[in-house]
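Input: a single structure, listed below in structure tokens.
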Amino acid sequence: MLFSALAFAGEPAARVVWNAPGANVLGAPTLDGRLVTCVDPVSGDLAVLDTAAGKLRRLTAKPSSAAKEFAYFSAPSRDASRVAYAWFNEAGFYDLRVVPLAGGEPRVLFRNEESGFVQPTSWTPDGKQILTLFFRKDNISQITLVDTETGAVRVLKSLSWVYPKKMEVSPDGKWVVYDSFGGDKPSPRDIFVLAMDGSRETKIVESPGEDLFPAWSPDGKQILFASDRSGTMDAWALRIEDGRAVGEPRLLKRDLKQFLPMGVTAAGDLFYGLRRGSTNIVLSTSSGELHELPTRTPGRNSAPAWSRDGKQLAYLSRRGAENFGLQARTIVVHDMESGAERDVPAKLAHVESLRWSPDGEWLLASGSDGKGRSGLFRVRVIDGMVRPEAFDETVDYRGIPGDWMPDGTVVRGTAGVKALAVSHDGELVARAYEDRVEAGPGKWPTRNVTWLEWRAGNLLGTRERRIVVLSGPEPPPAIRYDGGPFSVQPVRKTLAYTTGGTQSEIWVLEHAVAPLVHGR
Amino acid sequence: MRLRRWFTAASLAAALQAETLRVPLGLDAYVPAPEANVLTREIVELGRTLFFFKGLSRDGTLSCGGCHVPEKAFTDGKPVAVGVRGQISARRTPPILNRAWGKSFFWDGRAATLEDQVLQPVLNPKEMDLPLGEIVPRVRANESIGARMQAVFGRPAEREDVARALASYVRSILAGDSPYDRYIAGDRAALSGQQQLGLKLFRGKANCVACHVGANLTDEAFHNTGAGWRNGVLSDQGQANGAFKTPGLREVARVAPYMHDGSLATLEEVVDFYDKGGRENPNLDSEMRQLNLTADEKRALIEFLKSLSGKVSEGWPGAR
């Protein structure tokens with residue numbers, strides 16, 4: 001009786017809605033399910049996908065094809081008349097904008113560099129407020145309501161850098177459901193319901209596993225969410241009354257892999273995103289052999305870094321259900337002899353890349369911490385202790401490039417430096433800029449160099465997914481490479497690199513919950 | 001004139017009907033409180049009465065508000081707290097602003113919740129020095145308070161009820177709406193050029209955000225800055241090995257002297273302390289290092305700190 005609202009006997013059927021190259025899950029369906037807001041993968045404009053015809057229609061027009069501006073997260077109003085969306089503006093941060101869904105002039109509703117990342121998630125039923133996630137310069141994320149007339153902001157709740165993966169206003173406009181870490185420290189996510197008037201908050205879902213991506217059923221009587229409590233990532237539903245859970249969650253559909261509920265239509269159809277594909281670390285030897293590094297979490301690994309003696313390989317690994325959005329990546333050290341792996345528990349919000357110190361005791365991590373500081377951090381390999389090395393407030397969460405000198409000091413990139421590498425003897429420092437690479441007396445015009453390493457005196461870089469040799473007498477390396485960030489093992493000259501990629505798709509689970517009977 | 005009067009009456013009526021605390025700019029609408037002690041007008045106002053009730057001290061001379069003085073941003077301006085009979089504590093009276101968002105309490109974090117915290121100064125021999133068994137009789141003996149306790153909790157006053165009411169009142173003490181908050185909200189003129197430079201230093205070269213983060217400018221964590229060390233000797237263990245909880249910085253210009261022991265008299269002394277990298281000791285926090293701030297940078301940083309002063313409110317809106 002508890003879940004009599006569920007309109008299926010057994011598991012409902014799922015079908016794909018959009019799986020073209022560049023398909024993205026940055027929007028939400030309209031209440032009638034006919035349209036899904038998204039980003040046009042070709043232009044970067046805001047668009048809507050016609051779910052029946054499979055065609056895109058642009059809602060914005062970038063100033064020029066060369067403009068760096070683009071649309072990001074979006075949410076349609078409940079009456080499908082307007083779309084709220086994030087727009088990466090010409091100044092380098094995000095506006096909150098609104099545009100008529102039928103077409104028309106966009107309006108900037110909120111613009112503040114201090115809250116430079118905005119994510120509209122849903123509208124109140126009266127269309128007067130937009131539930132929006134702010135991510136501030138000081139790494140506070142905020143659950144806010146933005147007035148659709150004045151742009152005035154009301155902050156409901158502040159969180160640390162651990163922002164909600166998803167949040168939604170209830171159909172009656174009284175509650176916000178969101179997911180977050182269960183406590184103050186990184187831990188599996190739980191689901192909370194927060195009163196819109198700020199009067200109370202209740203944790204409604206808690207389990208040893210990840211519980212996340214909550215969405216309301218159209219009648220507001222249930223929460224749909226994702227959970228890996230059973231060992232696979234499944235869809236679940238939970239009955240809600242007066243902002244509190246009633247009974248236990250009920251399984252809707254098993255093993256949906258890396259999925260993201262996007263919204264439920266009035267007919268009870270659940271639109272969701274799926275991420276397919278994987279990233280792995282490949283070892284490529286000079287004899288032409290390729291091996292995939294055997295790891296505990298295959299498919300989620302990247303950014304390898306060899307220790308100087310070649311006996312250990314550090315890399316980054318995504319864990320648990322952290323499957324969409326900015327990810328906290330775990331640092332893993334792989335022993336090449338025994339195959340043993342262990343996590344390095346560094347307290348960092350994001351790690352972009354690693355470099356191993358000459359003495360093997362430290363990793364130099366570029367990224368950001370939980371206090372809004374982006375730059376370089378020393379991470380002690382044995383226990384994960386973090387020691388800040390250098391910060392730069394002008395860079396984003398990915399930090400700044402850096403490398404070790406032989407004496408254990410650090411060279412950091414300055415403004416405009418995209419990649420940096422120090423030769424193992426410390427004689428040369430190579431710096432890649434947008435249009436050139438410089439090392440010692442040498443200068444090489446280039447573009448899109450994303451990684452630099454030294455191998456036996458030669459400077460290697462990547463350009464358009466190819467390794468290029470930027471200095472030295474040797475011919476290009478005869479090692480196979482078709483991936484991303486790489487690291488050269490100095491003794492046996494084995495290349496470790498990231499390969500693979502992911503692709504997003506939009507699916508619909510029809511009649512996941514009972515249709516809305518009493519209108520909106 | 002009549003219109004203004006009407007608006008005033010309407011505002012008053014709205015305040016009287018407020019179902020939640022009114023939070024100033026810069027703070028969350030949601031003021032955390034445990035499910036077992038939900039914030040209501042009645043309990044907050046009862047807590048306010050208890051906060052200023054001198055009957056909670058042994059000799060009836062000191063209330064919570066005797067040290068946490070509202071006009072002084074809920075501290076007392078003294079280097080260390082002074083209890084009944086002039087007894088001297090080892091630590092400064094901490095400002096208790098925005099403690100609803102606190103994660104632990106006291107300089108050493110020994111209380112996990114406000115409900116755990118609020119009666120400890122009452123019982124502390126160096127503070128209010130009231131024997132444990134005396135709390136309930138003192139409260140019940142006060143006719144007015146006793147009756148209100150009965151009305152709010154539906155039973156004769158118990159010690160836990162006193163703690164719940166005091167904790168609720170402390171949760172109602174809110175500080176915000178400062179020039180800093182207005183600047184963060186988008187008013188670029190709210191901070192002077194010098195203060196904006198100070199903010200940049202705060203986030204960058206001066207590394208203040210290593211500990212002073214979030215809406216209350218504290219990470220609610222414990223750090224060893226060397227403040228607990230004197231001449232190579234640890235004078236106060238704090239939470240452990242000389243680490244003390246990061247205080248929030250709201251109203252910081254109004255709450256001198258500074259540090260857990262009131263040992264630094266001015267903001268200038270505080271900035272100099274951190275500029276030198278704190279005080280060397282075996283457990284010095286890894287974030288502490290010499291800053292090499294110039295005189296202009298120090299002045300800018302201090303001017304920025306002054307921008308953290310705004311409005312302090314307490315109690316339930318419209319209740320008095």
Side-chain angles (χ1 to χ4, degrees), chain A residues 110-116 134 136-145 151-161 176 178 183-185 192-203 243-244 347 369-375 377-380 385-394, chain B residues 18-35 37-40 98 100-104 176 180-188 190-191 196 199-221 246 285-289:
Chain A
F110 176 86
R111 181 176 189 150
N112 182 356
E113 192 174 0
E114 287 292 329
S115 300
F134 284 178
R136 287 185 6 181
K137 263 187 175 177
D138 53 3
N139 252 21
I140 300 173
S141 57
Q142 295 179 312
I143 299 171
T144 73
L145 290 165
V153 175
R154 183 163 179 256
V155 179
L156 287 180
K157 178 161 182 166
S158 299
L159 299 159
S160 63
W161 56 273
V176 172
Y178 73 94
D184 295 322
K185 295 175 181 172
F192 302 81
V193 169
L194 176 62
M196 292 272 278
D197 65 4
S199 59
R200 71 177 156 95
E201 180 185 67
T202 307
K203 186 187 284 189
R244 291 190 166 90
K347 284 185 181 175
D369 68 5
K371 294 173 178 174
R373 301 179 297 182
S374 295
F377 303 83
R378 291 174 187 241
V379 176
R380 195 158 63 188
M385 187 191 84
V386 173
R387 185 172 292 171
E389 177 67 32
F391 300 125
D392 187 337
E393 64 187 61
T394 65
Chain B
E19 292 181 1
T20 58
L21 288 176
R22 192 167 301 150
V23 294
L25 181 68
L27 304 184
D28 297 348
Y30 170 60
V31 180
E35 289 242 24
N37 194 20
V38 174
L39 288 172
T40 65
N98 301 339
W101 289 271
K103 307 293 185 195
S104 64
Y180 166 73
D181 294 305
R182 293 194 285 279
Y183 181 82
I184 294 293
D187 178 1
R188 302 324 251 181
L191 296 186
Q196 290 185 37
L199 173 57
K200 191 174 177 184
L201 291 163
F202 188 86
R203 290 172 170 170
K205 183 178 176 182
N207 199 29
C208 306
V209 293
C211 304
H212 295 286
V213 288
N216 287 320
L217 300 139
T218 169
D219 60 0
E220 293 286 338
T246 307
D285 196 286
S286 63
E287 295 278 2
M288 296 295 290
R289 57 174 179 263

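Because only heavy atoms are used, hydrogens play no part in the values below, and waters and symmetry mates are left out as well, while side chains stay in. Just so it is clear, the structure is predicted and the values come from calculations on it, not from any experiment. Order of the sequence lines sets the chain letters (A, B, ...), proteins ahead of strands, with each chain counted from 1.
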Below 4.5 Å from any heavy atom of chain B, which atoms of [X] appear? Answer side chain, backbone, both or neither.
{"X": "A:Arg136", "value": "side chain"}
{"X": "A:Ile143", "value": "neither"}
{"X": "A:Thr144", "value": "neither"}
{"X": "A:Leu156", "value": "both"}

What part of [X] gets within 4.5 angstrom of chain A, counting heavy atoms only: side chain, backbone, both, or neither?
{"X": "B:Val23", "answer": "neither"}
{"X": "B:Leu39", "answer": "neither"}
{"X": "B:Lys205", "answer": "neither"}
{"X": "B:Ala185", "answer": "backbone"}

Do [X] side-chain atoms and [Y] backbone N/O form a donor-acceptor pair below 3.5 Å?
{"X": "A:Asp197", "Y": "A:Ser199", "result": "yes"}
{"X": "B:Gln196", "Y": "B:Leu191", "result": "yes"}
{"X": "B:Glu220", "Y": "B:Lys103", "result": "yes"}

query: Do the side chains of A:Phe377 and A:Phe391 get nearer than 4.5 Å, heavy atoms only?
result: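 Answer yes - side chains close enough.
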task: Output the distance between atom CG (A:Asp138) and atom CZ (A:Arg373), rounded to the nearest 0.5 Å.
output: 12.5 Å
field: Value rounded to 0.5 Å, distance of CZ in A:Arg380 from OG in B:Ser286
entry: 9.5 Å
